[in-house]
Amino acid sequence: MCIGLSATIIGYELAANLSRTFAAAILLLTPLAFLFSTARNSRELADVLALVLYPVASLMNSGLDILVSGVVAGTIAYDVHKWREQP
């Protein structure tokens, strides 16, 4: 725990001294890694549909676009998946 705390303090101190462009690029790495990982592992229609519907939810500009896309786009994708599996 001490190592993690020390690394966090050092990271914050180093981040304060970075240029704004480099700091923004580093902050962008986490969402991009998540997006690419999710897109790569999308094997079923429900997964792909949830990824495609996220930009639609983000157009709402409500600040809750991740929550909305998780609930609404995920529900729609799940319903389409279940509908396709019915005989």
Side-chain angles (χ1 to χ4, degrees):
M1 192 161 172
C2 290
I3 293 172
L5 179 63
S6 300
T8 301
I9 291 171
I10 292 170
Y12 273 105
E13 291 299 321
L14 290 175
N17 297 323
L18 291 176
S19 68
R20 297 185 96 181
T21 305
F22 191 63
I26 289 175
L27 284 174
L28 188 63
L29 286 178
T30 301
L32 279 178
F34 178 74
L35 175 66
F36 291 144
S37 172
T38 305
R40 181 180 173 268
N41 293 321
S42 295
R43 305 239 188 282
E44 297 183 12
L45 176 66
D47 301 331
V48 174
L49 213 65
L51 274 176
V52 170
L53 290 175
Y54 172 72
V56 175
S58 69
L59 292 175
M60 292 174 29
N61 291 329
S62 66
L64 299 173
D65 39 340
I66 292 177
L67 177 66
V68 169
S69 75
V71 174
V72 175
T75 302
I76 291 170
Y78 177 79
D79 289 341
V80 168
H81 177 70
K82 285 296 182 187
W83 176 72
R84 285 189 52 170
E85 282 189 348
Q86 289 180 355

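Bear in mind the structure is a predicted one, so any value in this text is a computation, not a measurement.
In this structure, CH2 on Trp83 lies 14.0 Å from CD1 on Ile76, to the nearest 0.5 angstrom. Residue Leu5 holds its CG atom at 10.0 Å from CD1 of Ile10, rounded to the nearest 0.5 Å.
A 6.0 Å sphere centred on CG of Leu29 holds more than 12 heavy atoms belonging to other residues, nucleotides or ligands.
Taking every heavy atom of both residues into account, Gly4 and Thr8 meet most closely at O-OG1, 2.8 Å.
For Gln86, the side-chain hydrogen bond (donor to acceptor under 3.5 Å, both in side chains) criterion is met by no residue, not counting sequence neighbours.
Without hydrogens or angle criteria, Thr38 side chain to Phe34 main chain gives a donor-acceptor distance under 3.5 Å.
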Which side-chain N or O atoms in residues 17-28 pair as donor and acceptor under 3.5 Å with protein atoms at least two apart or in another chain?
| residue | atom | partner | partner atom | Å |
| --- | --- | --- | --- | --- |
| Asn17 | ND2 | Glu13 | O | 3.3 |
| Ser19 | OG | Phe22 | N | 3.3 |

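With side-chain heavy atoms closer than 4.5 Å counting as contact, directly or through intermediates, Tyr78 stands alone and belongs to no larger hydrophobic cluster.
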